[in-house]
Enquirer: 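Quick one: the structure is below, questions incoming.
A, B, ... follow the sequence lines: proteins, then strands. Residue 1 opens every chain.
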Amino acid sequence: MSIVSILDSGAVKAAKELYGHDVESGSLPLTPTRKEFTGDYTLVVFPLTKAARKKPDAIAEELGGWMQENIEEVSGYNVIKGFLNLELGAAYWNDFLRNAVKAENYGRLSPKGKKVMVEFSSPNTNKPLHLGHIRNILLGWSCSKILDAAGYEVVRVQVVNDRGIAICKSMLAWKLFGEGETPDSSGIKGDHLVGKYYVIFESKFKEEYKSWQDSEAGKAAFAEKAKEGEPEDKFFKRYKNTYFNEHSQLGQQAKEMLLAWESGERETVDLWKKMNSWVYAGFDQTYNRLGVEFDKLYYESETYLNGKDLVEKGLKNGLFKKREDGSVIVDLTDAGLDEKVLLRSDGTSLYITQDLGTAHLRYEDYKSDKMVYVVADEQNYHFKALFETIKLMGEPYADGLHHLAYGMVDLPTGKMKSREGTVVDADDLMDEVIAEARENTKERGELESLSAEEREEIIKRIGLAALKYFIIKVTPKKRMIFDPKESVDLQGQTGPYIQNAFVRIKSVLRKAGEQDHGSFELYEELENQEKEVLLRLSKFPEIVETAAAEYDPSEVANFCYDLAKEFHRFYHDHSILNCDSDNVKKFRIDLSYLTAEVLKTGMDLLGIQMPDRM
RNA sequence: GGCCUUGUAGCUUAACGGAUAGAGCACCUGACUACGGAUCAGGAGGUUGAAGGUUCGAAUCCUUCCAAGGUCACCA
């Protein structure tokens, strides 16, 4: 039982015995005592004033007395303005450290017997991954690690959007202008090569559109369809889609390609397979470097027709309605949403149809109790509608669905826009942070004795730690501003700062040599800074639990920083190896060891690896 | 326009109804004959977007307003 729940249930019992009042567990707020006061945990007794009909101070006094008397761990207390500061004895902290340091996997919670599926990344195959994907991937990966640590069985999946008009654009441009270029012949990474042709398509299309605008047909369209007083550029911006669909040569060809693909036309399918395989090879490299992997991939080319039967079934059961034009809709007005079309009037499926099918399929495949979708918050409405529809259908997995929505990533200069070329490429970004780490490492010269290979591995860990921590420390649902300059910082609240705490400990432990963990005798005169570190350490399991419950890796990130900072302080002011008592030395070595373990585990939950030196 | 989300130091951020709003960056000042200075200590910087309300207590809950973003497709 954790100390918090011991104190909490103690307070409940005390309220009952002293005032005959039933309070719910957790209704008396219990928080770590602020630094400026003495004590370890603080109980707020205000909620008891009515039941006890006494002043807060008096209640706190009585409660404190009772708890010191009846709870073994409580060694003393003091009362300030209705806040009851409880002190835990040195014995408690000694026991805590001894147990934790001997534990197999401190911070790993016992199995929950439940399975959770996490879907993340889910890219399109027409262009390489960018900064937005990185936030998605880090969140998804980290969540999956945290859920795993919290005792869930985890399945990591991604849905690969490998079909549709976008990839056809790349294919068409390659066919028309590629002259047989391949990743091998050009030396360009596969996903970047395909992305290059996507860009070529867009610029050729733009050219074509521009000259059409100056032609008779274009002028006629403007004269006919522009709104009153609408300027030419505005009109043509708005008209772009229509032009693509109705007039464009390239658009026509791309659409024909899509149709050919859908009808399984050999040459097109072969080209599609070839180009997608380039992209996958590229993605694999990026994922690999980021240190993430998946248990199962779902390809939209295989699932995009799914879901129709589910809709038909719902229609039969009267859950959905057919409109006059033949389209099928679901009425979600009871849930505060609108009507949603589930099937086009021509009977073809939509995004949501496919998602219904995929959800069902995945449940069939894994029978997971929960399914988490890591998708940007621009799709909030879609997921609301999707989940409500699944609930209406009474699917067994309906209550376990969760949309982990995260805010989009902005640059200091504003939004990322592919059309304006301001998209930050994932591979480039990693190159940059690693280069920065290399530069810094060189200046320091700590790693010169290592082989080039070892050195590169450490440099990679440092660079990626900076990048990943910078992104993952922000609460998911907030939009974040990504400043490339700050993301390579190695000082302050950063990944490398936390790594540095770990490296310092490793260095000390190397010098200390082997030691049996938990072999220290009772150490009574704990320093404040030792207690601060112990307090952080003792909170770790609880942090894992809430981070899992809230799907929020930033809690773990902030915890790691806090722990590292507290350790740095302790380390600065107290000597571990040269302290005056052998017993204290043993204690401090264990304290350091546990800190290193927790930092390593915690950072691993964020997808960040620790170097042994740096 | 309806709905959703977000507004905290110059910048990036923490806080899940509790004490004097906590950090980092940038700026200024200090600390290595000490286990790793990618560190530590200190200074300066805040009417938590605004106004009301609920509460013993509000950045946090409620109302109104302001600002930014998202979304309201037989696109994905």
Side-chain angles (χ1 to χ4, degrees), chain A residues 29 31 33-37 42 44 46-47 49-50 55-56 80-83 85 124 161 164-166 241 300 304 323 325-329 336-338 340-355 376-382 384 405 407-408 410 412 415 437 440-441 443-444 446 462 466 470 473-475 477-483 485-487 489-501 503-512 546 550 552 554-555 558 561-562 564-565 568-579 585 588-589 592 613-614:
Chain A
T31 54
T33 302
R34 295 176 67 106
K35 269 192 179 158
E36 57 268 38
F37 305 104
T42 296
V44 182
F46 281 101
T49 46
K50 264 192 193 149
K55 291 200 164 143
I80 298 167
K81 298 199 315 192
F83 293 88
N85 301 318
N124 293 345
N161 186 4
I165 194 71
N241 242 354
E300 294 207 342
Y304 80 108
R323 280 181 180 159
D325 59 10
S327 59
V328 178
I329 58 121
L337 306 174
D338 269 325
K340 185 92 190 158
V341 178
L342 299 180
L343 222 48
R344 288 197 185 93
S345 50
D346 64 5
T348 54
S349 60
L350 290 134
Y351 184 41
I352 191 164
T353 324
Q354 180 190 154
D355 271 358
D377 64 5
E378 61 183 348
Q379 293 197 35
N380 282 354
Y381 185 85
H382 169 74
K384 260 191 201 160
M408 309 256 265
D410 291 323
K415 292 176 69 170
N440 268 270
T441 304
E443 274 175 34
R444 267 165 234 281
E446 294 276 356
I462 296 169
F470 186 76
K473 73 175 179 185
V474 182
T475 309
K477 84 169 172 184
K478 281 200 183 177
R479 250 185 126 79
M480 72 170 293
I481 297 176
F482 182 90
D483 187 338
K485 273 196 270 41
E486 283 182 34
S487 73
D489 273 353
L490 310 175
Q491 277 144 29
Q493 192 186 0
T494 65
Y497 172 95
I498 299 167
Q499 289 178 321
N500 183 237
V503 164
R504 283 176 135 185
I505 295 172
K506 282 288 162 185
S507 174
V508 169
L509 294 179
R510 272 195 297 271
K511 293 197 166 88
T546 58
E550 287 165 28
D552 185 357
S554 72
E555 294 197 21
N558 286 309
Y561 172 70
D562 206 29
K565 187 176 170 63
H568 274 307
R569 269 206 252 263
F570 157 73
Y571 178 94
H572 183 266
D573 290 349
H574 302 284
S575 181
I576 297 163
L577 298 177
N578 303 319
C579 60
K585 180 172 153 186
R588 287 184 179 166
I589 287 174
S592 305
R613 29 190 119 223
M614 63 194 289

Enquirer: Establish whether the base of B/C16 is bridged to the side chain of A/E550 by a donor-acceptor pair shorter than 3.5 Å.
Expert: yes

Enquirer: Could you tell me whether A/N85 contacts a base, only the sugar-phosphate backbone, or nothing, with contacts defined as non-hydrogen atoms closer than 4.0 Å?
Expert: base

Enquirer: Between A/Y571 and B/C35, do the rings stack, that is, sit under 5.5 Å apart with planes less than 30° off each other?
Expert: yes

Enquirer: Between A/T353 (side chain) and A/L342 (backbone), is there a donor-acceptor pair under 3.5 Å?
Expert: yes

Enquirer: Base, sugar-phosphate, or nothing: which does A/I462 touch, judged by heavy atoms less than 4.0 Å apart?
Expert: base

Enquirer: Using only modelled atom types and a 3.5 angstrom limit, is any donor from either the side chain of A/D573 or the base of B/A34 paired with an acceptor on the other?
Expert: no

Enquirer: Could you tell me which nucleotide pairs with B/U6 by Watson-Crick or G-U wobble geometry, both distances under 3.5 Å, or answer none if nothing does?
Expert: B/A67

Enquirer: Is there a stack between A/F83 and B/A19, judged by ring centres under 5.5 Å and planes under 30°?
Expert: yes

Enquirer: Kindly state whether the pair A/Y351 / B/C75 counts as stacked, where counting means centroids closer than 5.5 Å and planes tilted less than 30° apart.
Expert: no

Enquirer: Look at all strands and tell whether A/T441 reaches a base, only sugar-phosphate, or nothing, counting heavy atoms closer than 4.0 Å.
Expert: base

Enquirer: Using only heavy-atom distances, decide whether a donor-acceptor pair under 3.5 angstrom links the side-chain of A/T42 to the base of B/A19.
Expert: yes

Enquirer: Once you apply a heavy-atom cut-off of 4.0 Å, does A/E555 come out as touching a base, just sugar-phosphate, or nothing?
Expert: base

Enquirer: Within the structure shown, what part of the strands sits under 4.0 Å from A/R479 by heavy-atom distance: base, sugar-phosphate, or nothing?
Expert: sugar-phosphate

Enquirer: Could you tell me whether the side chain of A/Q379 has a donor or acceptor atom within less than 3.5 Å of a complementary atom in the base of B/G70?
Expert: no

